[in-house]
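All values derive from a computational prediction rather than experimental measurement. Atoms considered below: every heavy atom in the structure, side chains included; atoms not considered: hydrogens, waters and symmetry mates.
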Amino acid sequence: MLLITKISVTERASPLLFSEWARFRPRRPGEVFGLAYTSSLINADGTTPSDFRPGYSRHSVDPEGLGDMWARAVPTNGPEFLFMPKFTWSADEYYVIDVACARHELLSIGPVAR
């Protein structure tokens, strides 16, 4: 499993990430706080909300047996979590957690723009 320590949380995303962490309840014993990517959202009428942007949401993850596609993020100013990166990880890069879609409480995770 990848370990990402060069990662921080923006001021804008911090309340959302900490709220998601505080509301986390494992589905099964031994599962830990994770973020899962939500790529789409469909309304009951089959339409996509116009304000929807893909992002990561709170998820319960079993840490046993996860492969190299998973990462453990240890933000300098946020709670530790597991997730599957949507980017090619580099030990030399710095990463940031931000808000992807406030209305749907989704976060973005990616390299710091240079």
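Of all heavy-atom pairs spanning T5 and T76, the tightest one is O-CG2, 4.3 Å. Counting all heavy atoms, side chain and backbone alike, I7 lies closest to V96 at CG1-N, 4.3 Å. Nearest heavy-atom pair across S60 and E31 is OG-OE1, 2.5 Å. Of all heavy-atom pairs spanning M69 and M84, the tightest one is O-CG, 3.3 Å.
Here R12 pairs with D98 under the salt bridge (charged side-chain N to carboxylate O under 4.0 Å, His left out) rule; sequence neighbours left out. Considering only residues two or more places apart in sequence or on other chains, S90 meets the side chain to side chain donor-acceptor pair (under 3.5 Å) condition with none of them. The side chain to side chain contact (heavy atoms under 4.5 Å, CB included) search around W89 returns L2, I4, F87, A91, Y95, not counting sequence neighbours. For the side chain to side chain contact (heavy atoms under 4.5 Å, CB included) test, no residue two or more places apart in sequence or in another chain qualifies with T88. For S8, the side chain to side chain donor-acceptor pair (under 3.5 Å) test picks out no residue, with sequence neighbours left out. By the side chain to side chain donor-acceptor pair (under 3.5 Å) test, S57 pairs with T38, sequence neighbours left out. Residues meeting the side chain to side chain contact (heavy atoms under 4.5 Å, CB included) test with R25, sequence neighbours left out: none.
Applying the salt bridge (charged side-chain N to carboxylate O under 4.0 Å, His left out) test to every pair with at least one member in residues 40-49, sequence neighbours left out, gives no pairs at all. Applying the salt bridge (charged side-chain N to carboxylate O under 4.0 Å, His left out) test to pairs two or more places apart or on separate chains, those with a residue in residues 56-66 are E20-R58. Applying the salt bridge (charged side-chain N to carboxylate O under 4.0 Å, His left out) test to residues at least two apart or on different chains, the pairs with a partner in residues 77-89 are R72-E80.
By the rule that hydrophobic residues join a cluster once side-chain heavy atoms approach within less than 4.5 Å of another member, L17 and Y37 end up as members of one cluster. Following chains of ILVMFWY side-chain contacts shorter than 4.5 Å, one can reach L16 starting from L35, so the two form part of one hydrophobic cluster. Hydrophobic clustering (ILVMFWY, side-chain heavy atoms < 4.5 Å, transitive): I97 and W21 are in one cluster.
Taking CZ of F33 as the reference point, atom CZ of F83 lies at 11.5 Å (rounded to 0.5 Å).
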Under 3.5 Å, side-chain donor or acceptor atoms of residues 99-112 against the rest of the protein: list the pairs with distances, not counting sequence neighbours.
from : atom 1 : to  : atom 2 : distance (Å)
R103 : NH1    : D51 : OD1    : 3.2
R103 : NH1    : D51 : OD2    : 3.3
E105 : OE1    : R23 : NH2    : 3.1

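Chaining together hydrophobic side chains whose heavy atoms lie under 4.5 Å apart places L3 alongside V74.
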